[in-house]
Amino acid sequence: MYPRSRIFPARLLHGNIFPGTKRAISPFSSGDTSEPRFTELISKQHWSKLKPHLKNTSPSTLLQHLLNSMADPDLTLRYFKWSQKEFNLSHPMESTFRLLHSLANHKKYSRMRSLLNGFVKSGSSISIHSIFHAISMSGDSFCANSIIADMLILSYVYNMKTHLGFEAFKRAGDYEFRLSVLSCNPLLSALVKESEVGDMEYVYKEMIRRRIEGNVISFNIVINGLCKVGKLNRASDLIEDMKAWGISPTVITYNTLIDGYCKKGRIGKMYKADAVLKKMIASNVRPNEITFNILIDGYCKDGSILSAMKVFGEMQNQGLKPNVVTYNSLINGLCCEGRLDEAISLQDEMVSLGLKPSIVTYNALINGYCKRSMVKEASDLFDDIARQGIAPSAITYNSLIDGYCKDGRMEDAFGLHKSMMERGISPDVSTYNCLIGGLCREGNRKGVRKLVDEMLNKGLRANVITYNILVDALCKEGESRKASRLLDEMVKKGLSPNHVTFNTLMDGYIREGNLKAALNLRTRMEKEGKQANVVTYNVLISGFCKKGKLEDANGLLNEMLEKGLIPNRTTYEIIKEQMMDKGFVPDIEGHLYSISAYS
DNA sequence: TTAGGGTTAG
């Protein structure tokens with residue numbers, strides 16, 4: 001059963017093998033009658049009696065002997081753990097894997113997991129290659145090799161060392177270790193959570209190539225990953241693929257795709273989400289509470305409370321009970337539209353149904369008050385929830401801090417920042433973004449610099465929003481050149497500028513009359529795969545208007561409509577104030593009438 | 001080991 005003859009030359013096992021160890025004092029040397037005594041001491045955990053013997057023999061030597069003597073792996077493991085702790089040492093990796101092989105051969109899987117967890121936690125800098133080499137050299141059971149490798153990957157993932165788990169997954173192919181869904185699914189899931197969707201796709205493809213049998217959960221995770229990065233068609237196709245593999249999509253599969261359309265879909269996304277719902281029903285998969293919650297939230301975020309309310313009614317017609325999440329989505333939707341009275345009525349309704357508002361409910365309401373400049377009400381609600389014994393979250397603080405900042409009450413905002421730290425809630429990047437935004441509005445450059453330094457000193461990294469705030473502030477101060485340097489800096493730091501970044505800087509160029517720079521920036525943005533959106537068009541149309549190039553502005557307007565982009569209030573204000581009031585009637589057939597709706 | 005709600009930027 002043990003591979004010693006193959007792996008370890010005989011002379012290593014039977015001779016005086018360990019440097020500094022004399023044969024005479026080796027506890028298991030041949031003819032030594034004390035072997036049963038040692039195993040007895042270990043099994044009875046008489047460590048104090050065992051310890052004196054380890055003055056002459058190194059703890060690792062004893063471990064080697066236990067492994068060679070084919071002692072009960074439980075006993076060896078017990079000694080392994082005690083000796084590591086007692087002598088604050090790490091046994092050689094080879095011994096660890098010989099022990100793992102022994103445990104695998106006895107099907108002691110939970111013991112293996114715990115041993116591997118310890119190995120992974122010890123954070124050794126040994127390469128995956130060396131580890132896998134050690135695994136294959138310390139046992140001759142092909143099956144045990146694979147089980148150890150599988151569990152090792154799982155340990156990496158559980159200990160938040162996903163990159164090592166991924167590396168091990170890649171290398172496992174070279175050693176022909178056969179992995180299973182037990183490690184692959186958690187690895188796929190961790191990669192999605194860490195936004196490493198490219199790596200997730202690699203794992204998925206390799207699973208197929210290596211014939212690792214995935215299950216419905218594997219597909220659900222991959223579909224979720226694809227949805228998170230907006231690859232909705234691919235996600236949709238995968239549902240067909242899984243059917244072809246004989247795996248039936250579940251309610252979770254469909255919910256994931258519906259949520260993908262709600263959150264990442266483009267034009268007509270709610271129509272597409274609804275189409276998935278219909279397909280799901282046609283496949284005899286019944287929607288559950290979560291399906292309805294996803295749709296309700298989707299309609300709310302799409303600005304259609306009316307549709308959300310219809311779905312809310314349909315959900316109840318189907319005999320499904322709305323829960324806290326359902327109400328939170330609706331309350332937040334109403335708050336975002338400034339319909340606070342209705343939001344509060346819904347809160348009353350949920351309480352009357354026996355549902356307890358959560359911190360998420362209160363955060364939505366606090367934010368709603370702040371957005372309508374009702375900072376007093378927001379702050380009263382903040383105090384009220386504290387009195388109820390509900391712990392505010394970082395988001396609660398951030399919402400109120402932002403409310404104070406936008407109200408110009410920077411002292412109060414910093415007071416809350418201080419008190420959140422006193423309560424043990426760490427300010428995050430959003431907290432700093434709110435405060436930095438407040439100081440920018442005041443034109444307090446020195447304060448901004450100090451705050452950015454404080455944030456970085458805390459180990460927090462500026463994100464895209466931080467940069468966008470700073471870019472905007474510089475543009476508003478007429479320093480678009482400096483702002484463009486910030487754009488380069490963020491790219492250098494590995495952040496990818498988004499629509500807001502480009503549109504803000506474009507707006508800065510337009511303010512300074514530099515239409516050419518704005519148009520160049522649009523080209524750069526599209527080269528980077530970001531198509532102009534409504535805000536981009538508004539900025540550029542306004543830029544042309546300011547230069548008196550109304551025909552060009554009209555051309556852009558048509559281009560925007562042809563792309564299916566829906567003009568917003570700002571678009572119509574530009575049309576009215578910068579075109580029509582100047583006697584130019586834009587040629588945008590059929591769309592002109594909408595202007596009256598905004599005026 | 002898989003799905004849903006709350007904060008910050010144009």
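Every chain is numbered from 1, with letters handed out A, B, ... down the list of sequences.
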Euclidean distance, atom [atom1] of residue [X] to atom [atom2] of [N] [Å, nearest integer]:
| X | N | atom1 | atom2 | answer |
| --- | --- | --- | --- | --- |
| A/Asp150 | B/dT1 | CG | C1' | 12 Å |
| A/Arg286 | B/dA3 | CZ | P | 22 Å |
| A/Lys301 | B/dT7 | NZ | C1' | 12 Å |
| A/Leu277 | B/dA3 | CG | P | 20 Å |
| A/Asn398 | B/dT7 | CG | C1' | 5 Å |
| A/Ile436 | B/dT8 | CD1 | P | 15 Å |
| A/Tyr362 | B/dT7 | OH | C1' | 18 Å |
| A/Ile331 | B/dG6 | CD1 | P | 12 Å |

Would you say A/Lys476 reaches B/dA9's phosphate, i.e. side-chain N/O to OP1/OP2 under 4.0 Å? no
At less than 4.0 Å, is any side-chain N or O atom of A/Asn224 found next to OP1 or OP2 of B/dT2? Yes or no. no
Quick one: which of [options] gets closest to the side chain of [X]?
| X | options | answer |
| --- | --- | --- |
| A/Asn332 | B/dA3, B/dT2, B/dT7 | B/dT7 |
| A/Ser189 | B/dG6, B/dT2, B/dA9 | B/dT2 |
| A/Ser399 | B/dT7, B/dA9, B/dG6 | B/dT7 |
| A/Ile395 | B/dT7, B/dT2, B/dG10 | B/dT7 |
| A/Val360 | B/dG10, B/dT2, B/dG6 | B/dG6 |
| A/Thr504 | B/dT8, B/dA3, B/dG10 | B/dG10 |
| A/Asp428 | B/dT7, B/dT2, B/dG6 | B/dT7 |
| A/Val535 | B/dG10, B/dT8, B/dG6 | B/dG10 |
| A/Lys371 | B/dT1, B/dA9, B/dT8 | B/dT8 |
| A/Cys434 | B/dG6, B/dA3, B/dT8 | B/dT8 |

Do A/Ser393 and B/dG6 have a side chain to base donor-acceptor pair shorter than 3.5 Å? yes
Salt-bridge test for [X] and [Y]: reply yes if a basic N is under 4.0 Å from a carboxylate O, no otherwise.
| X | Y | answer |
| --- | --- | --- |
| A/Arg449 | A/Asp453 | no |
| A/Glu240 | A/Lys279 | yes |
| A/Glu314 | A/Lys310 | no |
| A/Glu477 | A/Lys482 | no |
| A/Glu489 | A/Arg485 | no |

Reckon [X] touches a base, only the sugar-phosphate, or nothing at all at heavy-atom distances under 4.0 Å?
| X | result |
| --- | --- |
| A/Asp507 | nothing |
| A/Asn498 | base |
| A/Val216 | nothing |
| A/Thr431 | nothing |
| A/Lys263 | sugar-phosphate |
| A/Val222 | nothing |
| A/Leu154 | nothing |

Can you tell me if A/Ser180 uses its side chain to pair, donor with acceptor, with the backbone of A/Leu182 under 3.5 Å? yes
Roughly how far apart are A/Asp402 CG and A/Leu416 CG, rounded to 0.5 Å? 11.5 Å
